Amino acid sequence: MSDDAQLLRRYVETRSEAAFAELAQRHLALVYHAAMRRVGSDPQLAEEITQMVFILLAEKARSLLAHTSLVGWLYTTTQFKAARAARTELRRRLREQEAFLLNAVAEETTGAEWERVRPVIDDALMDLAASDREAVLLRFFQERSFAEIAERLRLTENTAHKRVERALDKLRECLSRRGIRSPTAALAAALATQAGIAAPAGLAPAVIGAAVASGAGAAGVVGGLSLLNLKLAAGVTAVSALIAIGAALYEIRLQRTAAADLALARIEAATADARLLALTRRAELQTQKNAALAAELERAKEMRAGLPASIPTDQPTPTEEGDKFMAAHPEAQKLVDTVGRALFRRNAVPRLREIGVSQAEMDELIAMDGD
């Protein structure tokens, strides 16, 4: 079986798809599962990262011929790509969540406005002139376009637009007289929510059948009351369904955001672990250095213990005699200094390097010895 380097070279030199396919199959699981761990077990995102890694491998194949470990390169590249993808995915989901919350707030505001208007809206509509009332009903309760309103009221489209705006202003004034003060835009948005609420399924056949069968009279009154009850029930059901759907969507988005948060937390934890490992290693090296210095100190103490405690003061010490000789013979002093520095470099420098003394510290010691 060819090793990784041989397969990669075959691909670079001959563009052999078979060689690259064998290389990819050999390391596909490693890359995919490393990506999965980084992105919070999101299979789709892990697949995208895996594809990006092997695309990059194909692009950089020539420069990777001299690489000592293709497995290491694939793993490291996967970590970088996955970390970047996790951050990008997190930012995207946060933007989606923000947009969702803004929409939810807008819907909640519109719903609150309608709840304020609903108890008196019909009385206010009845205060309008018939033509203005019809314009409001067609536009906001039946969701007709201005072109359709113009055709129904036998107006131009521009005139129909103005009729609706004027009727809405008059409706706002009627509501204001009843203690409901609402901006025109907010009132229009609240009314527009009623256009999309359909009658209950099956209501039309029941109403039509009852009307045809009963004709006019008391049966018509009973049918009218039943229709009102059904309409109220349909409104409550529609609102409940909207609330349930919104809650489900919000829960799904929270779960996806939590997965992205978990992926980001794992990345941060791995970074902290790496930093802790580096600091631990530095502490171990410092401990070894301190132990070596302590051993040197003990040896110096042992050497000192074997020497006389003091030198008699009634006779000149070897040091004093040596100083006199050196003062009388400067050339001897210079020779001794040169030999001493050479011996220091030969004997002491290797030992100092073993215990971790830097070059700058050794240069300082050599200079001090010369002085």
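Given the structure is predicted, the values throughout are model-derived calculations rather than measurements.
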Next item on the list: Please tell me if the side chains of Leu56 and Thr77 come closer than 4.5 Å, counting only heavy atoms from C-beta onward.
Entry: yes

Note to self: Could you check whether any side-chain N or O of Thr76 sits under 3.5 Å from a backbone N or O of Trp73, counting only pairs where one atom can act as donor and the other as acceptor?
What the structure shows: no

Check: Does the pair Arg172/Asp132 count as a salt bridge with the N-to-O cut at 4.0 Å?
Finding: no

Item checked: Validation row: Leu7, Phe20 side chains within 4.5 angstrom (heavy atoms) -> no

Margin query: Tell me the closest heavy-atom pair linking Tyr32 and Glu47, and the distance in Å.
Written below: CE1-CG, 3.8 Å

Checklist line | Side-chain touch Glu148/Leu138, heavy atoms, less than 4.5 angstrom | finding: no

Note to self: Please say yes or no: joined through hydrophobic side-chain contacts below 4.5 Å, possibly via intermediate residues, are Ile180 and Val136 part of one cluster?
What the structure shows: yes

Check: Would you call Glu89-Arg92 a salt bridge at under 4.0 Å N-O?
Finding: yes

Check: Of all heavy-atom pairs between Val39 and Ala82, which one has the smallest distance, and what is that distance?
Finding: CG1-O, 4.1 Å

Next item on the list: Count the heavy atoms of every other residue, nucleotide or ligand shown that sit under 6.0 Å from CD of Gln25, and state whether that count exceeds 12.
Entry: no

Checklist line | From Arg10 atom CZ to Leu23 atom CG, the distance as rounded to the nearest 0.5 Å | finding: 10.5 Å

Notebook entry, point to check: Quick one: does Leu30's side chain get under 4.5 Å of Thr78's, heavy atoms only?
Noted result: no

Check: Under the 6.0 Å and 45° cation-pi test, does Arg15 pair with Tyr11?
Finding: yes

Notebook entry, point to check: How long is the gap from NE2 on His67 to CG on Asp4, to the nearest 0.5 Å?
Noted result: 12.0 Å

Checklist line | Separation of Arg38 CZ from Arg84 CZ (nearest 0.5 Å) | finding: 14.5 Å

Checklist line | Any Met52 side-chain heavy atom under 4.5 Å of Ile49 side chain | finding: yes

Check: Would you say Arg299 has more than 12 foreign heavy atoms packed within less than 6.0 Å of its CZ?
Finding: yes

Checklist line | Pairwise side-chain contact, Leu128 with Cys174, heavy-atom cut-off 4.5 Å (strictly under) | finding: yes

Item checked: Non-hydrogen side-chain atoms of Val31 and Tyr75 separated by less than 4.5 Å -> no

Margin query: Heavy-atom count check: over 12 atoms from other residues, nucleotides or ligands less than 6.0 Å from Glu151 CD?
Written below: no

Check: Can you tell me how far the CD atom of Glu173 sits from the CZ atom of Arg181, to the nearest 0.5 Å?
Finding: 12.0 Å

Notebook entry, point to check: Looking only at heavy atoms, what is the nearest atom pair of Ala160 and Ile149, with distance?
Noted result: CB-CG2, 4.1 Å

Check: Atom OG1 in Thr159, atom CZ in Arg166: separation rounded to 0.5 Å?
Finding: 9.0 Å

Notebook entry, point to check: Taking atom types as modelled and ignoring hydrogens, do the side chains of His161 and Glu165 form a donor-acceptor contact shorter than 3.5 angstrom?
Noted result: yes

Margin query: Between Glu22 and Arg26 (salt bridge meaning N to carboxylate O under 4.0 Å), is one present in this structure?
Written below: yes

Margin query: So if I apply the side chain to side chain donor-acceptor pair (under 3.5 Å) rule between Asp127 and each of Lys170, Arg178, Arg133, which one comes out positive?
Written below: Arg178

Checklist line | Atom of Ala135, atom of Arg163 and distance for their closest heavy-atom approach | finding: CB-CG, 3.7 Å

Check: Which distance, rounded to the nearest 0.5 Å, do you find between the CD of Glu48 and the OG1 of Thr50?
Finding: 10.0 Å

Notebook entry, point to check: Going hydrophobic residue to hydrophobic residue with side-chain gaps under 4.5 angstrom, can you get from Leu65 over to Leu74?
Noted result: yes

Notebook entry, point to check: Val53, Leu28: one ILVMFWY side-chain cluster at the under-4.5 Å cut-off?
Noted result: yes

Next item on the list: Answer whether the closest heavy-atom distance between the side chains of Phe325 and Gln333 falls below 4.5 Å.
Entry: no

Note to self: side-chain contact (heavy atoms from CB on, under 4.5 Å), that's the test. Do Leu168 and Phe140 meet it? Break it down for me.
What the structure shows: CA-CA 10 Å; Leu168 190 62; Phe140 297 104; 4.0 Å; yes

